[in-house]
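Comments concern the structure below.
Sequence lines set the chain letters: A, B, ... in the order given, protein chains first and strands last, and positions in each chain run from 1. Since this is a predicted model, take the numbers as computed values, not measurements.
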There are 2 protein chains.
Amino acid sequence: MADNIPDIVIGRLPVYLRELTRLSEEEGKITTSSHELGQRLGISSAQIRKDLSHFGEFGKQGTGYHIKYLIDQLQEILHLAREWKVVLVGAGYLGHALAHYRGFQDRGFRIAWVFDNDPAKIGETLNSLIVQSITELEETVEKHEVKVAIIAVSAEAAQEITDRLVAAGISAILSYAPIHLKVPSGVHVSYSDPVVQLQRMAYYLV
Amino acid sequence: MADNIPDIVIGRLPVYLRELTRLSEEEGKITTSSHELGQRLGISSAQIRKDLSHFGEFGKQGTGYHIKYLIDQLQEILHLAREWKVVLVGAGYLGHALAHYRGFQDRGFRIAWVFDNDPAKIGETLNSLIVQSITELEETVEKHEVKVAIIAVSAEAAQEITDRLVAAGISAILSYAPIHLKVPSGVHVSYSDPVVQLQRMAYYLV
DNA sequence: TAGATTGTTAATCGATTAACAATC
DNA sequence: TAGATTGTTAATCGATTAACAATC
């Protein structure tokens, strides 16, 4: 229990968490089963039980899982029982979308700073955040011991920004730049490239 | 060769394609090896050779792969040797970001229509596209036989939009809504939820 | 030729699933 | 009690890697 959990298991937990929240908040359910959860997510019930069993015993035979309790446990496991402040780099269209996204709330994250290198954008207010000069990036990350960053800059700028973030102490990066980033071990990167996602699906088209 | 390729292999091909394009266009290289490509992507050279071997023999012993030839082959395999016209649903901040994104160009896709249900947004021009009423969604998809859609609407609206898209003939959906979508078999869905991605990485934080 | 690198095989490693005793 | 569902084991399935003959 909880020693060396496969990445792929960790990857599914946030999806379980999201569906459990929906079950609880939208549908007012109190308990659920691995079978019900699996059906809703297109995952086998055995896999859900196996995944959870890496961390402990959260259910009851005969009745299943108490949803709110399981939500609490998953939040604890994923280190979401707190709010991670996030640095956003890039105040273009995508930066705007991220700064205005309300989905971060209550899910463990809050964008607290926005940076850009464009003098025309610096000083602009973005959903009550003031766009700061990229020259202040390191100082902010270091002073507030920020661990999480989102990169919404061009492919050309992304590696340099990454190097600066990492040097300043960032250890989790969500990147929207269409490029593979080089980071030292211990730093995690997650990518979002809409074109890569579309290209994967294109294989199955006609 | 090419009968029943694992999803996970297909998933890596667009990443190979992206890096090969970079190698060719940014660095002017003519050939590369599975070792070089793997090093740049953090993937073993054996895996790259194995992945490619599902589709044919593209390299030469001693010299490796001719980059432009391999790019052509991958584009062919992934059905990218054409331009897929894409329907975008949702003209909020994220819709704006997607409509203005220049990264689709030359990678197989082009957003050709944008829909929203907000009267304030309908008629607005978005990077030379006019936002259309969502009531015209089905007619457009059917008339132009559109196969690919991007969903940038709220979690509440996403399932209804999905059902309408699927009924109209869409078979690949990239969804930014934080919800698991139910679709009939044969329809592919790819998700992008920044919070899920951040939550996965949070597990590894301190 | 000598060195480099492919495509492929077999071995290893890891993930998923089926089945069921335990028990609520 | 009878029915439902868990957590876990063992079997199955699938993916990755190491190694190497073939050959450019």
Value in whole Å for how far the C1' atom of C:dG14 lies from CD1 of B:Ile8: 11 Å
Mutual orientation of the aromatic rings belonging to A:Tyr204 and B:His188 [parallel < 30°, tilted 30-60°, perpendicular > 60°]: parallel
Side-chain N or O of B:Arg12 closer than 4.0 Å to phosphate OP1/OP2 of D:dT16: yes
Protein-nucleotide distance (A:Asp7, atom CG; C:dG14, atom P), rounded to Å: 12 Å
Nearest listed nucleotide, side chain of A:Pro6, among C:dG7, C:dA15, C:dT9: C:dA15
Sidechain N-carboxylate O distance under 4.0 Å for B:Asp163, B:Lys182: no
Other residues, nucleotides, ligands: >12 heavy atoms within 6.0 Å of B:His66 NE2: yes
Those residues of residues 60-71 of chain B lying under 4.0 Å from DNA chain D by at least one heavy atom: B:Lys60, B:Gln61, B:Gly62
Per B:Ser53 side chain, nearest of listed nucleotides C:dT8, D:dT6, D:dT9: C:dT8
Nearest-Å distance for atom pair CZ/P, residues B:Phe55 and C:dT6: 17 Å
Interatomic distance, B:His54 NE2 vs D:dG14 P [rounded to whole Å]: 12 Å
Value in whole Å for how far the P atom of D:dT6 lies from CG of A:Asp51: 13 Å
Separation of C:dT5 C1' from B:Glu36 CD (nearest whole Å): 13 Å
Residues in contact with DNA chain D, drawn from residues 41-48 of chain B - heavy-atom cutoff 4.0 Å: B:Ser44, B:Ala46, B:Gln47
Side-chain donor-acceptor contact under 3.5 Å, A:Tyr16 with A:Asp51: yes
Parallel, tilted or perpendicular, as decided by the 30° and 60° cut-offs, for the rings of A:His100 and A:His96: parallel
Length of the CD1-P vector between B:Ile5 and D:dT16, whole Å: 13 Å
Audit row: B:Glu36, B:Arg40, salt bridge (Lys or Arg N to Asp or Glu O under 4.0 Å) steps and yes/no: CA-CA 6 Å; B:Glu36 179 178 52; B:Arg40 296 177 61 116; 5.1 Å; no
Per A:Arg49 side chain, nearest of listed nucleotides D:dT5, C:dT8, D:dT8: D:dT8
More than 12 heavy atoms of other groups within 6.0 Å of A:Glu138 CD: yes
Identified stems (criterion: three or more consecutive Watson-Crick or G-U pairs, under 3.5 Å), DNA chain D: C:3-24 with D:3-24
Pair A:His79 + A:Trp84: ring centers closer than 6.0 Å: no
Working for side-chain contact (heavy atoms from CB on, under 4.5 Å), residues A:Phe109 and A:Leu80: CA-CA 8 Å; A:Phe109 302 90; A:Leu80 303 173; 3.8 Å; yes
Sub-4.5 Å side-chain heavy-atom contact between B:Arg107 and A:Pro178: yes
Check: B:Arg200 side chain, A:Gly11 main-chain N or O, donor-acceptor pair, under 3.5 Å: yes
More than 12 heavy atoms from other groups under 6.0 Å of NZ on B:Lys147: yes
Length of the CG-C1' vector between A:Leu52 and C:dT16, whole Å: 15 Å
